[in-house]
Structures are given as structure tokens and as C-alpha cells.
Asker: 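Questions regarding the structure given below will be posed in turn.
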Amino acid sequence: MSQDHESLENLLSEDRTFPASAQFAAAANAQPDLYARAEKDRLAFWDEQAKSLQWDTPWNKTLDWQPPYAKWFIGGKLNASVNALDRHVSEGRGSRVAFHFEGEPGDTRTITYAELLTDVKKTANALIELGVKAGDRVAIYMPMIPEAAVAMLACARMGAPHSVVFGGFSADALLSRIQDADAKIVITADGGFRKGAAFALKPAVDEALKGKHNVEKVLVVQRTKQETAWTERDVWWHEIVGRQSSEHVAESFDSEHPLFILYTSGTTAKPKGIFHTTGGYLTQVAYTHKMVFDIKPETDVYWCTADVGWVTGHSYIVYGPLINGATQVMYEGTPDTPHKGRIFELIAKYGVTILYTAPTLIRTWMKWGDEFPQAHDLSSLRLLGSVGEPINPEAWMWYREVIGGNRCPIVDTWWQTETGAIMISPLPGVTATKPGSAMTALPGISAKVVDDNAVPVGKGHGGYLILDQPWPSMLRGIWGENERYKETYWSRFEGIYFAGDGAKLDNDGAIWLLGRVDDVMNVSGHRISTTEVESALVSHEAVAEAAVVGAADAMTGQGIVAFVILRGGIEHADGEELNKALRNHVTKEIGAIAKPRQILIVNELPKTRSGKIMRRLLKDVAENRVVGDATTLADPNVMKLISEGLQSAKSED
Ligand code: WT7
């Protein structure tokens, strides 16, 4: 393949590798033979994983694959909530802590598996009283409190698919999701605590329900005790759940019974209701949680910092960890309340051993400065995970050194709402990791990097990331939109799942994620990923975080415009000097072709509530356009500040 026709350039190279310590390797859940076992017979391998769940009726066929529709463990019956809870209690693990809950104001609750099971049974009984039946959809719009997990598990117990809507979304966003899934009940709270204050949730539900819908009841958890307007439709959680029986016999559901719907953000179009079913999903989340996080349920304290409103919260707070009997930390608030060391303080308080978080938070910590983590004892940590975006090599190194004390393996886990569970990741104890690479597909998963004609690109080249074999936790469709399902995921390459991400293979065959292909820049005919230029910028000692976009350029087609946040303590008095230094740094790291046309120092970047940078909005600024739809922004003021800054900055053309 000629250089000129690369689907995506391969610019950055990274030689550092970190093999696991012999001690970690010896005790690891994953052993090297896992790859060979999966390779030998993929379906037998997944059968074996599925057998670690409790099935009431065994399946008679592992996979039925009529592209793009898969069914897994056909004929099998099970109950998700029984697998997450009853099983532990009946096998004598009822007194194990399931959640150490920490509210933002500092209130705490310790919930054992036995207590969680009782709460879930009572909540299921309350839902029955409210008229919910198997198959009905239940919308859940909650802060990060234990009742969010209880609500999800109670729905799962009754076979009523839940649709969790992130508590930071607006009334409009909530209504469109209630309508699309045709939810019968909404479960919410009066409010929650965030950034040092109570915020209200219930008014957004009331506002949403002014629209057209078939919601019959609203079940409301009392969390903040703030004044809450009430209608006939509303029921207090503590009143109805409190008086229920703690007996509830769970029914078995078909392996392919829908477990949940989760809407992906869809900033430009109608959100997509990604739906997942039961047996395959639970099999893969439990397997990946066990192998990728090396969970030792008797001794580990695991903390995933995601919100239950995202798929990470579904798979790696609720279903995976509970099935594996893990003890977790659940935290309600923001990482800087009441101080920037809150997360580190909690790691020390609960003796957290496994931490799973997102690059956006890691880069924020870098920006705040090392003094915050250094003020706390983080020596309990033994494994670190990352998810949500490519993690820049420098951020990875910082995570390893400052948070992990150079002793914890890092698992950079690539997956999507659509994939349901982790697909590409190192196996701790097995894989020698490289800073910034998600490494290789997990045993049982087949991922490839291909060119425009679906031909694998080979080592040292970039292209499109595809999944060419069905996997147990794959989405079963977009709720009610078959054509859109085929069109969105299966049409770019006939019969092959295209994830929407660019990636490259390095010379050892490790996979490097390069961001969404929609973000790829085209500079003088070279297709350059935003990730690589951002990583080059972040590798400069002054930079904590960077976002780059391709802006229309009369000479080169597109020119690279970079928005940069400096590390804590770095002065940017001499903007001119630093600007030049950064542009030269990119040239040195990856070549003159990727040298930014313009660099703007900013204090914040536009991000979604899940922490993903919204490059589309930065592109509007860089091309002097009115900034487009910014309704999914976490902080609506950010774009105004950036536009003002850009107008006063000098162009470097
Ligand atoms: C998109 C999926 C997976 C749970 C949270 C996000 C990006 C995710 C990584 C990673 C590089 C990553 C991809 C993917 N992404 N993890 N480790 N390295 N990119 O779920 O909101 O469905 O987003 O997030 O672009 O396609 P999601």
C-alpha cells in the first residue's frame, strides 16, 4: 500500500514496555494459555465462560448468527439478579460488603450482599404493586446512590428492561428517551448532591412528563429532602418499598430476553436505543471483569468511578462486579468536592485495590498537580484501568507513576455501549503493556484494522477498527429501528461490524486507538488522527490536556488547530515563546506534517458529561463559525470563553 493512500497515517511511535511482575503474573486470574484456548475453539471457549453463571435451564445451542443478528446460548434460561445477588447469599457470602457508599456530603452506608438482595426483592415487589410486568420498560433517572443499582436489579429480576437516563440530562432528553422506549414507570429521586450543593431531579421528570407519554407512576427516592412538588402519579420509594415483603421468587428468563436499553448520546441525530439481552451480556461482563481487573473478591476493594447512567456503570458497577461477588466503592459526587484530593482520600479510607477511571479525569488530575495524590496513602492500589477515550502515553505514564506508584499494571480497555463489555485490553499479569495502547483483542474476541476495502492493513499501518466475529455481549439492535441498526454498524463493510474508530497496528501487532474516524484530519492529503497530535502535545512537560481539530485551509485542505490546557504551576505569561516551543515539539515528535497551524492556550475544553471532548464545537470556533448544537456540553460556558480567547489571540499562519 503506498504511503499516499494510507487510510490513516501512523505517526507516533512508542518503545517503552512494561511487563507484569513475576509475582503479579503468578497469582493472576488470566494465564497465558487463555488465548490459545479461545483460539482453538471460540464457541467452546464462550460455552465455558457461560458455565460460570447460574442457569436454571441449560442452553442447547451456543450461537445462532444471521448477520447482523446474533443469538447466544439459545434455549438457556436464567435471572440476572439471581446471578448478581441470590447466588452469593445462598452460597454463604451474604455478609460480604457489596457497596461502601460515600455520599458527597460525607454520609456513608455499608451494604452487604444479603442487604442488597433484600432491598432488591422489596423493590421488585413494589414494582409489581405499581403494575410493572415482565417486558415493560422502566426509565431510571437517578443520582449515583445505591438505589440506582437496586432499581436496575429489581427491574432485571422481573424481566422489565431498564432504560437508565443519566441524571445530568435535561427534561427534553429524558422525555425523548421515555417516548422512544415507551416507558411505563419512571424511577427518580428528589435530587442528589454535586459540587457541594443539592441539585433537583424530580422537577425535570415533571417537566418531561408534560409531553406525550404512557408513564403511569413515578417512584421517587428521598435523597436530599428538598421541597418537591407532588402529583397523583408520584409515589415515595420509602413508603411503598418500605412496606413490601422481603420474599420474592425470581422467574427465569430466556437468554435472549432484553435486559436493558441504553441511549447513546447522539449529539446530532436522535439518540440510539442500544439494547442488550441477558445470557450473552452477563457472560461477557462477568468474564471480562474477572480477567481484565483480576478481581479477587475476598480481598479486593474495587472502584469504578463511572456513573450508572453510562454503560460502564451498567457493566462494571452493577452486573460484572456483583456477579463476581466483588466489594465496591460507590461515590455520589464530583472529584473536587470538597477538595481536589477527594478521590485519593477515599482510596486511602477504603483501601481501594483496583481503580477504573477515564482519561479525562486522569488529565484533570495532572492539571491540578501532583500534590493532591501525594497527600494520601495510595499504597493499597494494585491495578489501574482506563476507559472512554484514547489515553495519551504521557497521561498513562503519569497514572502509572503518581497514582500507581510504578507497581500497578494498567489496563487500557477499549469497548463501546454497543459492545456491552470490554473487547480490547491487556490481560494483567500476561501482557507487557505499552503506554497508550489497548494492546490486543481479548481471548474470544476478533478485532482487525482494515483499509477502505476491508483488507487488513498489516503491522505499522493505520485504518478502521472492525469486529469480524459476533461476541456474546454485542448489541442486539437499536430499539425499534432495524434499518438504522444495519445502516449504522453493518453497512460500511458488508456483514462486518464497524465501530466508527480509527486505529493502527504497531510493529508488534499492538492496537492503538486513534479516535473517531469522523474526527480524522486531512492535511495536504495526509490523513492524520487527532489522537496522535494530541498525544504529542501532551508529551510536552507544560501540557496537561490537548484537543486538536482540522480547520479549513486554502493551502493544505485542512490545517491543524490545537487547544491546549497547561499543567498546574506552569505560567503562560510568555504565550508566544511557549507556542513556538509546542509547535516545534510536535514536529520533533511526529514530523512537520503534523505541526499545528495555530495553538491556543485555554483553561477548559468542551466535554460531554461522560468526559469526551466535543471536537465538533472546537472546529466551529477554529473555522470562525457560529458554534453548533452544544446542548450535551457538561459546562455550557466553556465555548464562550474559548471563542473570546481565540479572537484575541494572534494567528500564526
Ligand atoms: C467510544 C465508545 C466503553 C465505555 C465508555 C464509552 C471511545 C472507549 C476507549 C479506549 C480509545 C476509547 C471509542 C469508542 N473509547 N474506550 N480505551 N481507547 N478510545 O462508551 O460512550 O459508547 O463510547 O469511546 O471512540 O468507540 P461509549
Side-chain angles (χ1 to χ4, degrees), residues 3 6-21 358-360 362-363 366 384-404 406-414 424-428 430-441 447-449 457-463 465 501-515 519-521 526-548 560 562 564 567 582 584-596:
Q3 265 295 110
E6 282 280 332
S7 307
L8 203 47
E9 302 282 337
N10 171 13
L11 298 174
L12 264 183
S13 66
E14 174 63 66
D15 305 319
R16 293 171 285 194
T17 62
F18 296 90
S21 74
T360 176
I362 298 167
R363 292 185 302 245
M366 287 170 74
L384 302 173
S386 171
V387 63
E389 279 181 293
I391 176 166
N392 320 101
E394 277 324 292
W396 194 101
M397 289 302 294
W398 184 92
Y399 196 29
R400 179 179 158 83
E401 284 164 22
V402 181
I403 306 300
N406 286 318
R407 81 188 164 267
C408 306
I410 296 181
V411 288
D412 173 8
T413 62
W414 179 89
I424 303 175
S425 167
L427 282 178
V430 177
T431 313
T433 53
K434 301 184 183 194
S437 171
M439 303 303 296
T440 54
K448 294 196 169 76
V449 181
V457 293
K459 291 177 182 170
H461 296 281
L465 179 68
D501 286 350
K504 71 177 185 188
L505 288 183
D506 71 12
N507 292 331
D508 302 321
I511 299 170
W512 295 73
L513 276 305
L514 298 179
D519 288 335
V520 168
M521 305 175 288
H526 294 273
R527 302 191 19 98
I528 298 174
S529 97
T530 52
T531 303
E532 292 203 299
V533 182
E534 287 162 4
S535 290
L537 285 163
V538 175
S539 75
H540 188 279
E541 62 200 6
V543 178
E545 177 145 38
V548 311
I560 300 179
V564 163
R567 284 223 200 183
L582 292 180
N584 289 339
H585 182 74
V586 174
T587 308
K588 179 170 104 351
E589 290 293 304
I590 57 182
I593 182 68
K595 183 173 181 163

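Quick caveat: nothing in here was measured; it's all calculated off a predicted structure.
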Asker: Please round to the nearest 0.5 Å and tell me the distance separating atom CG of Leu384 and atom CD1 of Ile403.
Answerer: 8.0 Å
Asker: List the steps and the verdict of salt bridge (charged side-chain N to carboxylate O under 4.0 Å, His left out) for Arg527 and Glu532.
Answerer: CA-CA 11 Å; Arg527 302 191 19 98; Glu532 292 203 299; over 6 Å; no
Asker: How many angstroms lie between CG in Asp412 and CE in Met439, if you round to the nearest 0.5 Å?
Answerer: 10.0 Å
Asker: Kindly give the heavy-atom pair with the smallest separation between Ala562 and Val548, and that separation in Å.
Answerer: CB-CG1, 3.7 Å
Asker: Supply the atom-to-atom distance Leu505 CG to Ile511 CD1, rounded to the nearest 0.5 angstrom.
Answerer: 6.0 Å
Asker: Scan Trp414, Trp512, Trp396 and name whichever one has a side-chain contact (heavy atoms from CB on, under 4.5 Å) with Ser437.
Answerer: Trp512
Asker: With a 4.5 Å cut-off on side-chain heavy atoms, are Pro359 and Tyr399 touching?
Answerer: no
Asker: Kindly compute the distance separating NE2 (His585) from NE2 (His540), expressed to the nearest 0.5 Å.
Answerer: 6.0 Å
Asker: Do the side chains of Leu513 and Thr531 get nearer than 4.5 Å, heavy atoms only?
Answerer: no
Asker: Got more than 12 heavy atoms from elsewhere within 6.0 Å of NZ, Lys459?
Answerer: no
Asker: With rounding to the nearest 0.5 angstrom, report the NZ to OG distance, Lys504 to Ser7.
Answerer: 14.5 Å
Asker: Could you go step by step and tell me if Leu11 and Ile528 meet the side chain to side chain contact (heavy atoms under 4.5 Å, CB included) rule?
Answerer: CA-CA 8 Å; Leu11 298 174; Ile528 298 174; 3.7 Å; yes
Asker: Side-chain contact test, heavy atoms from C-beta onward, threshold under 4.5 Å: evaluate it for Pro596 versus Val586 and give yes or no.
Answerer: yes
Asker: So which atom in Ala395 and which in Val538 form the shortest heavy-atom distance, rounded to 0.1 Å?
Answerer: N-CG1, 4.5 Å
Asker: Checking Thr440 side chain against Ala510 main chain: does a donor-acceptor pair fall under 3.5 Å?
Answerer: no
Asker: Applying side chain to side chain contact (heavy atoms under 4.5 Å, CB included), run through Thr17 and Asp508 and close with a yes or a no.
Answerer: CA-CA 11 Å; Thr17 62; Asp508 302 321; 5.7 Å; no
Asker: Please find the pair of heavy atoms, one from Asn10 and one from His461, that lie closest to each other, and give the distance.
Answerer: ND2-N, 4.3 Å
Asker: Do the non-hydrogen side-chain atoms of Arg567 and Val543 ever get within less than 4.5 Å of each other?
Answerer: no
Asker: Quick one: closest heavy-atom pair of Ile424 and Ala447, and the distance?
Answerer: CD1-CB, 4.1 Å
Asker: So, for Ile593 and Ile560, which heavy atoms are closest and what is the spacing to 0.1 Å?
Answerer: O-CD1, 4.2 Å
Asker: Is any side-chain N of the basic residue among Glu534 and Arg363 closer than 4.0 Å to the acidic one's carboxylate O?
Answerer: no
Asker: Evaluate the criterion side chain to side chain contact (heavy atoms under 4.5 Å, CB included) for residue pair Asp506 and Lys434; output intermediate values, then yes/no.
Answerer: CA-CA 11 Å; Asp506 71 12; Lys434 301 184 183 194; 2.8 Å; yes
Asker: Which heavy atom in Val411 sits nearest to a heavy atom in Ser425, and how many Å separate them?
Answerer: CB-OG, 3.8 Å
Asker: Got a second to check how far Asn392's CG is from Glu545's CD, nearest 0.5 Å?
Answerer: 8.0 Å
Asker: Is the shortest side-chain heavy-atom distance between Arg400 and Pro435 below 4.5 Å?
Answerer: no
